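The structure under discussion appears below in the form of structure tokens.
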Amino acid sequence: MNASFVEMSVIKRRARRASALGLVLTLFASEAALAEPGTPEQRKACTPDVYRLCAGEIPNARAITACLRRQKASLSPACAAVFEQ
């Protein structure tokens, strides 16, 4: 397989994941997730937890949100605070 093809495939996959992650983090920032998008600080607080705890759910926004809620006890303090708002 051509090395540049493999690199492009990896780049495209990462770009899709990053886009989906941004959308997810915007949507779940508060209890009224769809009515009030998260702040950049809230998204920054939870991004590591998404990759650590719920990477297998990317790019499904609902699945990531559900996963983070299930993993509440394992969330970082910063991300847990986002869900408590």
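For clarity, every value in this text was computed on a predicted model and none was experimentally measured.
Closest approach of Val82 and Ala45 over heavy atoms only: CG2-CB, 4.1 Å. Smallest separation of non-hydrogen atoms from Ser74 and Leu53: O-CD1, 3.9 Å. Annotation for Glu57 and Ala63: closest pair OE1-CB, 3.2 Å, computed over non-hydrogen atoms.
Taking CZ from Arg70 and CG from Leu75, the interatomic distance works out to 11.5 Å, rounded to the nearest 0.5 Å. Separation of atoms SG (Cys79) and CD (Glu84) is listed at 10.0 Å; rounding is to 0.5 Å.
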